[in-house]
Amino acid sequence: MNPLTLFKNSGATADRQKGVTTLAWVGGIVVLVALLCLPFLVKNYRVFQFNLVIVYAIALLGLNILTGYNGQFSLGHGAFYAIGAYVTAILMDRYDMPYWITPAISFAVCLVAGYLMGFPALRLAGHFLALATFALALATPQMLKFKGIEDFTGGVQGLVLMKPEAPFEFSMFGQPLNADRWLYFYTLFVAAIMFLVGWNLLRGRVGRALIAIRDHPIAAAAMGINLPVFKSITFGMSAAFTGVAGSLGAIAVAFVAPDSFTVFLSITFLVGVVVGGLATIWGAVFGAIFIQFIPNVADEISKSAPWAIYGVFLIGLMYLMPTGVMGLLKTIKSKLFRPKAA
C-alpha cells in the first residue's frame, strides 16, 4: 500500500476515534444532567421505582462479575441480597446505626459469606454449582424465620424501618427534596462508587484473569493464574456487590421480611444479567430496567396472566437480541463507526 494512503488512513482513524471520544463525553454529561433532574420531574412512586432500578443494577453487576466474566453460574444471589438487607435492617432497627454507613458493613459481611460460599465452587462447576447456590436461595428465607434469631430478624413479620429524611431543604420544578428523592441521590452516589470499583476491577489484570478462567481454565492455570484464589475472591466480591444492593433496597423499601427474598428473586437477577448482556458492565442498567418495569407493563396488559405476558416479552427479547441489549448496541456501534475501506 502507498505510504501516503497509509498515513491518510491512520489520520482518518485517529479523527474517528477522537470524534467517538467527544461524543461519549457529551453523552455522559447529558445522561448525568438527566439523572440529576429526573427525580424532580416525576411523582414519588416513580422515584421509588427508579431507586429500585439503581439497586437492582448494583446487584446485577455483582452477579455479572461472577457469571459473565468468571463463568460461575449462581441461582442463589437472592440470598446475599437478603443478607445485605437484613444486616442493614438489624443495625438500623436494633442498634440505631446511621443508614449511610450500613451498606459498607453489608459489603463486608457479604464479602466474607460469599468467600466462604466460594469454597464449594472450587469443586463444582456448571449446573452442579447452580444447584448448590439454588439450595442456598431455598434455605435462606427459612433460616430467617428461625425462632432462635427471631429477636434480631423479626421472624415471619420482618422489620419495619424509617426512611431517612433529607438533611436539608431543596426544591426544583416545584417538587421538594423529600425522603424518596434524597434516597435516590444517595443510592445513585453509592451506585457510582460500585460501578467505578467494578470497572477498575474488570478492565485490568484481574478482569483478564477472570475471562481466561472462564474460557480456558487449564490454559489459565498453565499461565500461572491461581484458580482457587481467583474463584473464591470473585465469589466474595460478587456477593459483596449484591449485599450492598440488598442494603440499599432495605433502606428504600423500609421493610424486610423472609418472604421478600424467595428463589424467584435469584432467578430474576439471572434474567436481568442475560437481558442486559453477559460480561458487560453497563448491561446491568438495562437488565435492571427490564426486571423492574416489564412485570408492571405485563400486569397492565393482562391482569389474569401477567407472567405469561412477561414470558412473551422475554422470549421476544432473546430472539431479537440473543446477546442482550449491550450486544445489540455494540453491533450498532460497529456498523456506524466501521472504518471505510481504502
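All heavy atoms count here, side chains included; hydrogens, waters and symmetry mates do not.
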Could you tell me whether a side-chain N or O of [X] sits under 3.5 Å from a main-chain N or O of [Y], the two making a donor and an acceptor?
{"X": "D93", "Y": "A89", "answer": "no"}
{"X": "T242", "Y": "S238", "answer": "yes"}
{"X": "Y186", "Y": "W100", "answer": "yes"}
{"X": "N64", "Y": "T280", "answer": "yes"}
{"X": "S106", "Y": "V244", "answer": "no"}
{"X": "T133", "Y": "A130", "answer": "yes"}
{"X": "R214", "Y": "A209", "answer": "no"}
{"X": "T140", "Y": "A137", "answer": "no"}
{"X": "N51", "Y": "Y184", "answer": "yes"}
{"X": "S266", "Y": "G78", "answer": "yes"}

**Report entry** All pairs passing side-chain hydrogen bond (donor to acceptor under 3.5 Å, both in side chains) where residues 162-178 contributes a residue, at least two apart
**Finding:**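 Those involving residues 162-178 are N44-N178, K163-D180, Q175-R181.
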
Query - E150, CD: over 12 other non-hydrogen atoms inside 6.0 angstrom - result: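 Counting neighbours around CD of E150, more than 12 heavy atoms of other residues, nucleotides or ligands fall under 6.0 Å, so yes.
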
Query raised in the report: Is the count of non-hydrogen atoms from other residues, nucleotides or ligands lying under 6.0 Å from F134 atom CZ greater than 12?
Result: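 Incorrect, the count does not exceed 12.
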
Query raised in the report: Can you list the residues that meet the salt bridge (Lys or Arg N to Asp or Glu O under 4.0 Å) rule with D259, with sequence neighbours excluded?
Result: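 Testing D259 for salt bridge (Lys or Arg N to Asp or Glu O under 4.0 Å), a comparison that skips the adjacent residues, returns K145.
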
Would you say [X] and [Y] make side-chain contact, with heavy atoms under 4.5 Å?
{"X": "V55", "Y": "Y81", "result": "yes"}
{"X": "F286", "Y": "L329", "result": "yes"}
{"X": "I54", "Y": "L248", "result": "no"}
{"X": "P39", "Y": "V47", "result": "yes"}

Aromatic contact, [X] with [Y] (centres under 6.0 Å):
{"X": "F313", "Y": "F290", "value": "no"}
{"X": "F264", "Y": "F269", "value": "no"}
{"X": "F235", "Y": "F230", "value": "no"}

**Report entry** Residues that S247 engages under side-chain hydrogen bond (donor to acceptor under 3.5 Å, both in side chains), provided they are two or more places apart
**Finding:**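 side-chain hydrogen bond (donor to acceptor under 3.5 Å, both in side chains) check on S247 returns T88.
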
**Report entry** Audit row: T102, V87, side chain to side chain contact (heavy atoms under 4.5 Å, CB included) steps and yes/no
**Finding:** CA-CA 8 Å; T102 57; V87 166; over 6 Å; no

